Amino acid sequence: GFAVGYSGVLVITEDSGNHWNYAGNVAINDIESIFFINQDTGWVCGLGFVSKTYDGGETWISVNAPGQNDIYNDIYFLTTSIGFMSGEYGELFYSENGGDTWTLKTTGIDENLHEIFFVSPQIGYITTDNGYVIKTINGGLTWDSYYTSVDEDLYCAWFLNENIGYVGGYWGTLLKTTNGGTSWTPINLNTTSTVYSLSFINENVGFLGTSNNGVMRTLNGGTTWDY
């Protein structure tokens, strides 16, 4: 597996995260997101750049970015050809050729976009600033926005299926939906640390990462969380 960070740094683990080794600098700017569609093909993105690997991260090739001054917050591919990239001010970019070229999609929202998460080729979600989540049910052709009942910026998402999902964000924000994002219920984490990542093993067991370098775990489907 890989982890990315400041100044284009890429690190790799080959023993399930017990040890990490420096794997080079992919770019001069910070890397915001990394995504692999299989063991060989992956992408990274950040401030004004997109890079791609065909050999499991051994080498990276710069591909065309929509704009040199744009910030790309997340990148997600449904296949080796079809993918999406989230940006600022509601900008969502779409590629049909593995990231070689990108077109701008209309989202109907002007908030900054963050994590992209698809539960199927047709149904996908993107978290945004100021408490919104946008959703597609047609593979990204159109998007609808849903207000989650909080005004905090939402940075991450994880969906177990088309109905059950979670989003997390600023100031300890965590919310759960059981109806595909139509309505959201806040979950009290008893922390003000920002939630930056979410991952579930199954419907009951999940983990989240926070800004204080802490990892919290739930064993009951998100009802309670502990460090």
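What you see is a predicted model; the values in this text were computed from it and never measured.
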Exercise. Going by side-chain heavy atoms closer than 4.5 Å, which hydrophobic residues are tied to Trp171, directly or by a chain of links?
Worked result: Tyr155, Tyr170, Tyr196
Exercise. In the hydrophobic clustering (ILVMFWY, side-chain contacts below 4.5 Å, transitive), which residues join Phe207, or is it alone?
Worked result: Ile201, Val205, Val215, Leu219
Exercise. For Thr142, which residues count as a side chain to side chain donor-acceptor pair (under 3.5 Å) partner, sequence neighbours excluded?
Worked result: Asn138
Problem set entry | Thr173: side chain to side chain donor-acceptor pair (under 3.5 Å) partners, not counting sequence neighbours | none
For this session: Show the numbers, then the answer: is there a side-chain contact (heavy atoms from CB on, under 4.5 Å) between Leu104 and Leu92?
Result: CA-CA 6 Å; Leu104 185 63; Leu92 179 66; 5.7 Å; no
Exercise. Among pairs that include at least one residue of residues 7-31, which meet ring pair (Phe, Tyr, Trp, His ring centres under 6.0 Å), considering only residues two or more places apart or in two chains?
Worked result: none
Problem set entry | Audit row: Trp60, Asp55, side-chain contact (heavy atoms from CB on, under 4.5 Å) steps and yes/no | CA-CA 8 Å; Trp60 294 84; Asp55 56 13; over 6 Å; no
Which heavy-atom pair separates [X] from [Y] by the least distance, and what is that distance?
X: Leu160; Y: Asn202; result: CD2-O, 3.6 Å
X: Ser51; Y: Ser62; result: OG-CA, 3.9 Å
X: Lys176; Y: Ile164; result: CE-CG2, 4.0 Å
X: Val63; Y: Gly99; result: CG2-O, 3.5 Å
X: Leu47; Y: Ile71; result: CD1-CG1, 3.5 Å
X: Ser145; Y: Ile109; result: CB-CD1, 4.2 Å

For this session: Determine whether Glu91 and Asp70 make a side-chain contact, defined as any pair of heavy atoms from C-beta on separated by less than 4.5 Å.
Result: yes
Problem set entry | Heavy-atom side-chain contact between Thr53 and Ile61 under 4.5 Å | no
Side-chain heavy atoms nearer than 4.5 Å, only ILVMFWY residues, links allowed to pass through others: does that put [X] and [Y] together?
X: Tyr146; Y: Phe117; value: no
X: Ile134; Y: Ile116; value: yes
X: Leu198; Y: Met216; value: yes
X: Leu78; Y: Ile123; value: no
X: Tyr72; Y: Val9; value: no

Problem set entry | Reference residue Tyr166; test ring pair (Phe, Tyr, Trp, His ring centres under 6.0 Å); the match among Phe159, Phe200, Trp158 | Phe200
Out of curiosity, [X] [atom1] to [Y] [atom2], how far, rounded to the nearest 0.5 Å?
X: Thr80; Y: Ile37; atom1: OG1; atom2: CD1; result: 7.0 Å
X: Leu174; Y: Thr148; atom1: CG; atom2: OG1; result: 11.0 Å
X: Trp102; Y: Asn97; atom1: CH2; atom2: CG; result: 8.5 Å
X: Asn212; Y: Thr210; atom1: CG; atom2: OG1; result: 3.5 Å
X: Thr107; Y: Ile126; atom1: OG1; atom2: CD1; result: 7.5 Å

With [X], which residues qualify under side-chain contact (heavy atoms from CB on, under 4.5 Å), at least two apart?
X: Thr106; value: none
X: Asn220; value: Thr218, Thr223, Thr224
X: Tyr147; value: Tyr132, Asp151
X: Glu32; value: Asp30

Problem set entry | No-hydrogen, no-angle side-chain donor-acceptor test under 3.5 Å, Thr79 and Ser81 | no
For this session: Answer yes or no: does atom CD of Glu203 have more than 12 heavy-atom neighbours from other residues, nucleotides or ligands under 6.0 Å?
Result: no
Exercise. Would one find more than 12 heavy atoms of other residues, nucleotides or ligands at under 6.0 Å from atom CD1 of Ile187?
Worked result: yes
Exercise. Taking the six-membered ring of Tyr125 as reference, does the NZ or CZ atom of Lys135 fall below 6.0 Å from its centre and within a 45° cone about the axis?
Worked result: no
Taking [Y]'s backbone N and O only, do any of them form a donor-acceptor pair with [X]'s side chain (distance below 3.5 Å, no angle check)?
X: Thr177; Y: Gly165; value: no
X: Glu115; Y: Ala157; value: yes
X: Thr194; Y: Ser211; value: no

For this session: For Trp184, enumerate each residue passing the ring pair (Phe, Tyr, Trp, His ring centres under 6.0 Å) test, keeping only those at least two apart in sequence or located in another chain.
Result: none
Problem set entry | For Tyr76, all residues meeting ring pair (Phe, Tyr, Trp, His ring centres under 6.0 Å), sequence neighbours excluded | Phe35, Phe118
For this session: Indicate, with yes or no, if the rings of Trp43 and Phe77 have centres closer together than 6.0 Å.
Result: yes
For this session: Give me the one residue out of Leu175, Asn130, Asp129, Val195 that meets side chain to side chain contact (heavy atoms under 4.5 Å, CB included) with Leu154.
Result: Leu175
Exercise. Going through the checks in order, is the side-chain contact (heavy atoms from CB on, under 4.5 Å) test met by Ile31 and Val26?
Worked result: CA-CA 8 Å; Ile31 301 174; Val26 178; 4.1 Å; yes
Which donor-acceptor pairs under 3.5 Å do the side chains of residues 82-90 make with protein atoms, sequence neighbours left out?
| from | atom 1 | to | atom 2 | distance (Å) |
| --- | --- | --- | --- | --- |
| Ser86 | OG | Asp74 | N | 3.1 |
| Ser86 | OG | His114 | O | 2.7 |
| Glu88 | OE1 | Asn112 | ND2 | 3.4 |
| Glu88 | OE2 | Asn73 | ND2 | 2.8 |

Exercise. Which is it for Leu189 and Leu208 under the side-chain contact (heavy atoms from CB on, under 4.5 Å) test, yes or no, and what are the steps along the way?
Worked result: CA-CA 11 Å; Leu189 293 177; Leu208 60 82; 4.1 Å; yes
